[in-house]
Participant: 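One structure is given below, represented as structure tokens, and several questions about it will come after.
Source: prediction; values computed, not measured. We use all heavy atoms of the structure for the numbers below, so side chains are in, but hydrogens, waters and symmetry mates are not.
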Amino acid sequence: MSVIKNAIRTSDVAQLKAAIEKLSKENALLQKKQEHFYKNALQLNQMEQLYATVSIGLGSLDLDLRYLQINDYLAKIHGLSRKDHLGKHITEVIPEMISVVEPYYRYVLTSGEALLNIEVMDKKLTRIKGMHYWLASYYPLKTPTGEMYGVSTVLQDITERKKSEIALVDSRQKISAQLEHTPLAALALDLELRAVDWNLAAEKLFGFTREEALGKHLTELIISEEILDEQVTLVFDKVLNAQGGKRNINENLTKDGRRIICEWHNTPLFDRNGSVIGLASIGQDITERRKLTEALMNSERRFKNLIDTIPYAIQEISLQGDIKLCNFALANMLGYEKENLMNESLWNLMVTEDEKQQFADYFFNLLKQNASPDTYITRFYKKNSSIIYVKIDWNYVRDLQGEVISFICAISNITRHKQAEEALFLSEKRFKTLADLSPVGFFHINPQGYLLYVNKRWSEITGLCYEEARGKKWLSVIHPEDIVKITEEWSRILSDKKKLKVEVRFQKKDNSTAWVIMQLKAITSEEVNEDYESLRGCVGAVIDITKRRENEEQIKQDQLKLAHFSRLHTVGEMVSGISHELNQPLTSIVHYTGGCLERLKKEQVSSEITEAMNKVMLLAERAGAIIHRLKNFLRKGELIKEEVDISEIVSNSIKLIDHEIYSSKVDVSLHFDKNLPELNLDKIQMEQVMINLMTNAIEAMEETPRILQISISQSGNYIEIKMQDNGAGFPENLSEEILSPFITTKSKGMGLGLSISRGIVEKHGGKLQIKNLQPNGAVVVILLPIKFGENHGHK
């Protein structure tokens with residue numbers, strides 16, 4: 001029994017162990033799957049990030065060529081967002097290029113094969129401006145089972161590369177053309193020193209044609225075996241091994257047996273892989289130059305002896321700045337013996353450390369850039385510690401190979417010149433300061449009439465700054481009305497070389513006018529070898545007298561006004577006398593007319609005669625009242641008021657000038673509100689105002705139809721009387737002064753009508769306004785207060 005139980009227990013344990021092992025295997029397999037899943041997810045995430053950020057256009061389309069996915073770069077090329085691509089057919093995105101790229105997509109979908117590195121050139125594939133070059137590849141998209149479900153595209157911008165390739169081809173063509181037409185002999189050699197290229201200049205120099213030279217060794221053409229062994233092979237090796245030798249001079253042979261000296265510039269030739277395949281050389285015949293150089297070297301000793309005899313300071317400086325050679329003139333200038341200056345550093349002669357450093361920098365920069373030396377000005381210490389200014393003119397000294405070996409310098413003592421320059425500078429500075437402080441405007445002009453200089457005051461007068469004035473024709477600032485007169489005077493000054501003083505107008509920069517007193521004087525100078533004077537230009541001075549001229553004009557106007565006032569006073573006296581003389585006969589006319597009317601009432605006479613006699617008496621009474629009140633107005637300015645209907649005053653005024661209205665063919669219309677309040681006015685003087693204003697309007701209307709519109713209305717606490725005509729109006733420049741005394745637009749007017757009318761209206765506490773209308777005509781507005789009381793001081 002115990003054996004059976006043990007057997008059962010043993011069997012259970014084995015099964016349990018087997019189950020545990022199976023479970024462990026399943027867990028391990030599951031863990032591997034999870035790890036594979038996470039790894040794939042990570043790779044997928046990385047691919048997504050790469051897909052979104054890579055600077056290559058990436059996109060995928062389904063079998064209908066509709067976009068499934070696209071990265072930002074390709075979307076930017078197409079000019080649409082990624083979202084706007086999804087689901088759209090390729091014809092909706094790049095319709096201009098569909099004929100170019102659709103065949104590639106169709107081929108991949110049909111064949112299941114990829115198309116790689118296809119160059120596309122067009123400026124319609126992208127919204128980016130300009131011609132672009134693209135490298136496109138197309139790949140089939142397949143499921144794990146091999147079923148085709150779309151196509152993907154990879155688009156790379158190769159514009160810069162293509163442009164570089166095109167430029168390289170153009171460059172090679174240009175270089176080839178230049179070498180073919182250059183006056184220098186150009187040839188190319190392979191590694192065995194056989195000619196592989198030979199230009200026209202080489203044919204002319206050596207006598208061998210291109211066909212004769214190609215494929216032949218140098219020793220068969222232009223050099224001897226001796227020169228090849230001694231020089232050419234060495235230079236060739238140095239060039240190929242980048243050890244120098246890019247320039248050399250050697251003897252060459254020509255086809256006809258002549259021996260010439262040539263200067264060669266060499267450079268290695270490379271293939272596309274960067275391997276050296278030969279040598280290119282450009283040369284020129286320097287036989288004559290070599291002879292001249294040798295002659296120059298032979299004359300060097302004579303030169304050194306010669307420079308000691310000339311009075312100019314000469315020295316030669318090494319490339320380290322040491323004095324290699326100097327003459328007696330330089331030693332005397334500095335107070336040294338010649339031997340003491342030899343091998344002395346040039347910049348040790350200079351005064352300050354800054355000057356030494358600046359010259360050293362300039363000196364070594366010349367050597368570095370191989371630039372042409374400019375004249376250099378600095379200061380030297382003499383042996384006695386005094387300081388002089390010197391000017392250094394110099395040039396390179398080269399050896400037979402053309403390499404710079406030193407500098408030759410000519411040194412001049414310019415101390416007196418510099419002192420004169422400084423004195424002149426200070427003098428000019430003082431002159432400019434004084435000129436700018438002067439209240440007088442100064443200017444300088446050349447013989448052609450262009451401004452060379454103006455001071456600050458001249459600029460203030462004309463409104464033109466120095467920069468604007470310099471180089472400008474000086475006559476351009478003269479007022480157009482004075483230009484003819486001043487041009488004639490200017491011509492006379494140029495011919496007679498005399499002075500001019502004149503009052504003239506300047507037209508300023510802002511087109512305003514300035515009156516000036518201008519003086520001009522011709523400047524002359526004697527010619528070196530001639531006994532006559534030549535014109536150098538003119539100088540001028542101007543004083544602004546604009547204020548004085550304005551004051552003079554104002555004085556003239558004031559004198560005219562005084563004369564008018566005097567006449568006005570005389571008129572007042574005459575009015576007083578006339579009123580006294582006329583008062584009695586007018587009174588008699590009134591009395592006699594009244595008596596006649598009494599008698600006519602008793603007689604049976606025509607009513608027309610009675611009416612006429614009534615008008616005679618009324619007009620006589622009115623004439624007397626006008627004279628009496630005009631006299632009072634001129635003397636005391638008092639008003640005689642009464643309660644009147646303003647519409648009645650306007651109507652009566654129209655009747656009084658009825659004849660003038662009729663003869664002038666003026667259409668007068670009168671409109672007034674009903675129930676207007678009566679006003680406390682001087683009836684006679686107010687009628688005079690209405691007559692003055694209506695007469696002015698009639699005279700202003702020249703063209704037909706002539707229309708005068710008069711309206712009366714109440715406006716708040718005022719009665720408004722408006723007169724509007726369709727005449728010519730008045731000049732805009734008189735808009736502020738038209739109501740002032742003695743201002744008139746009439747050729748024979750005194751300018752008192754509107755002024756007197758305004759005075760009468762204002763004495764009634766009212767306002768008189770006048771303004772132009774568009775396109776023509778004028779309107780006069782009178783505002784009279786409804787309540788005009790005792791506070792105005794009138795009876």
Side-chain angles (χ1 to χ4, degrees), residues 432 434-494 498-523 537-564 728-747 749 751 771-772:
K432 188 176 184 303
L434 291 173
D436 285 342
L437 292 175
S438 174
V440 177
F442 295 115
F443 61 100
H444 181 198
I445 48 183
N446 67 9
Q448 291 73 40
Y450 292 97
L451 287 162
L452 302 176
Y453 168 78
V454 297
N455 73 339
K456 185 177 180 181
R457 181 57 183 151
W458 189 95
S459 296
E460 292 173 350
I461 294 173
T462 61
L464 296 171
C465 66
Y466 177 83
E467 289 74 15
E468 294 173 317
R470 182 171 174 81
K472 188 180 183 70
K473 280 280 189 180
W474 83 277
L475 288 173
S476 63
V477 302
I478 302 298
H479 194 279
E481 296 179 6
D482 296 341
I483 193 69
V484 175
K485 177 182 70 174
I486 296 302
T487 302
E488 293 173 354
E489 295 289 348
W490 163 246
S491 300
R492 183 176 61 79
I493 290 175
L494 294 179
K498 294 183 178 180
K499 298 180 180 179
L500 168 68
K501 183 176 181 180
V502 65
E503 288 190 12
V504 68
R505 287 172 291 179
F506 276 6
Q507 183 162 296
K508 302 173 70 172
K509 183 179 179 181
D510 59 3
N511 291 325
S512 61
T513 300
W515 276 96
V516 298
I517 295 177
M518 181 175 66
Q519 297 187 73
L520 282 177
K521 183 181 183 302
I523 305 174
C538 290
V539 292
V542 291
I543 300 175
D544 191 349
I545 59 169
T546 305
K547 291 293 183 183
R548 193 193 78 183
R549 291 295 297 244
E550 291 176 352
N551 292 337
E552 289 176 353
E553 185 64 28
Q554 185 62 43
I555 290 172
K556 290 180 182 179
Q557 295 297 326
D558 291 344
Q559 288 174 344
L560 291 175
K561 289 182 180 180
L562 286 174
H564 277 292
F730 56 89
E732 287 296 333
N733 60 339
L734 297 179
S735 59
E736 300 293 332
E737 303 175 354
I738 194 66
L739 296 175
S740 301
F742 313 116
I743 301 298
T744 180
T745 58
K746 304 174 186 177
S747 57
K771 64 179 180 179
N772 278 330

Participant: If you look at every heavy atom in I483 and L475, which pair is closest and at what distance?
Facilitator: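 Looking at all heavy atoms of both residues, the closest pair is CD1-O, 3.3 Å.
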
Participant: Can you establish whether the number of heavy atoms outside K473 located under 6.0 Å from its atom NZ is more than 12?
Facilitator: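 Count over threshold, so yes.
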
Participant: Rounded to the nearest 0.5 Å, how far does CG of D544 lie from CE of M518?
Facilitator: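 Here the interatomic distance stands at 13.5 Å.
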
Participant: Does any part of the side chain of K501, heavy atoms only, come nearer than 4.5 Å to the side chain of I517, both counted from C-beta?
Facilitator: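 When only atoms from C-beta onward are counted, K501 and I517 do touch, with a gap below 4.5 Å.
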
Participant: Does Y450 have K472 sitting over its ring (NZ/CZ under 6.0 Å from centre, angle to axis within 45°)?
Facilitator: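 Here K472 fails the 6.0 Å and 45° test against Y450.
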
Participant: Quick one: does N455's side chain have a donor or acceptor within less than 3.5 Å of a partner on V440's backbone?
Facilitator: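 Flag set: sc N455 to bb V440 pair under 3.5 Å.
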
Participant: Sequence neighbours excluded, which residues qualify as side-chain contact (heavy atoms from CB on, under 4.5 Å) partners of R549?
Facilitator: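 R549 satisfies side-chain contact (heavy atoms from CB on, under 4.5 Å) with E503, W515, I545, E552 once adjacent residues are dropped.
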
Participant: Do side-chain atoms of T462 reach the backbone of W458 as a donor and acceptor pair under 3.5 angstrom?
Facilitator: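 Pair found, side chain donor or acceptor close to backbone of W458.
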
Participant: Could you check if a side-chain atom of K456 sits within less than 4.5 angstrom of a side-chain atom of E460, using non-hydrogen atoms only?
Facilitator: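 A side-chain contact under 4.5 Å exists here.
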
Participant: Any non-hydrogen side-chain atom of L500 less than 4.5 Å from a side-chain atom of R492?
Facilitator: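 Heavy-atom side-chain distance check passes, below 4.5 Å.
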
Participant: Answer whether the closest heavy-atom distance between the side chains of F443 and V542 falls below 4.5 Å.
Facilitator: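 They are in contact (side-chain heavy atoms under 4.5 Å apart), so the answer is yes.
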
Participant: So does K521 have more than 12 non-hydrogen atoms from other groups sitting under 6.0 Å from NZ?
Facilitator: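 No, NZ of K521 has 12 or fewer neighbouring heavy atoms, counting only those of other groups under 6.0 Å.
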
Participant: Atom NE2 of H479 and atom OG of S512: how far apart are they, to the nearest 0.5 Å?
Facilitator: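 Answer rounded to 0.5 Å: 9.5 Å.
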
Participant: Would you check if T546 and K508 make a side-chain contact, meaning some heavy-atom pair closer than 4.5 Å?
Facilitator: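 They are not in contact (no side-chain heavy atoms under 4.5 Å apart), so the answer is no.
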
Participant: Quick check: do L520 and E489 have side-chain heavy atoms less than 4.5 Å from each other?
Facilitator: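 No, too far: nothing below the 4.5 Å cut-off.
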
Participant: What distance separates T513 OG1 from Q507 CD, expressed to the nearest 0.5 Å?
Facilitator: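 The CD atom of Q507 is 6.0 Å from OG1 of T513, to the nearest 0.5 Å.
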
Participant: Given F506 and I478, is the side-chain contact (heavy atoms from CB on, under 4.5 Å) satisfied, shown in steps?
Facilitator: CA-CA 5 Å; F506 276 6; I478 302 298; 3.5 Å; yes

Participant: Any idea how W474 and W490 line up, ring-wise: parallel (<30°), tilted (30 to 60°), or perpendicular (>60°)?
Facilitator: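 The rings of W474 and W490 stand perpendicular, inter-plane angle above 60°.
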
Participant: Donor-acceptor check, side chain of S459 to backbone of L464, threshold 3.5 angstrom: yes or no?
Facilitator: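 Answer holds: yes.
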
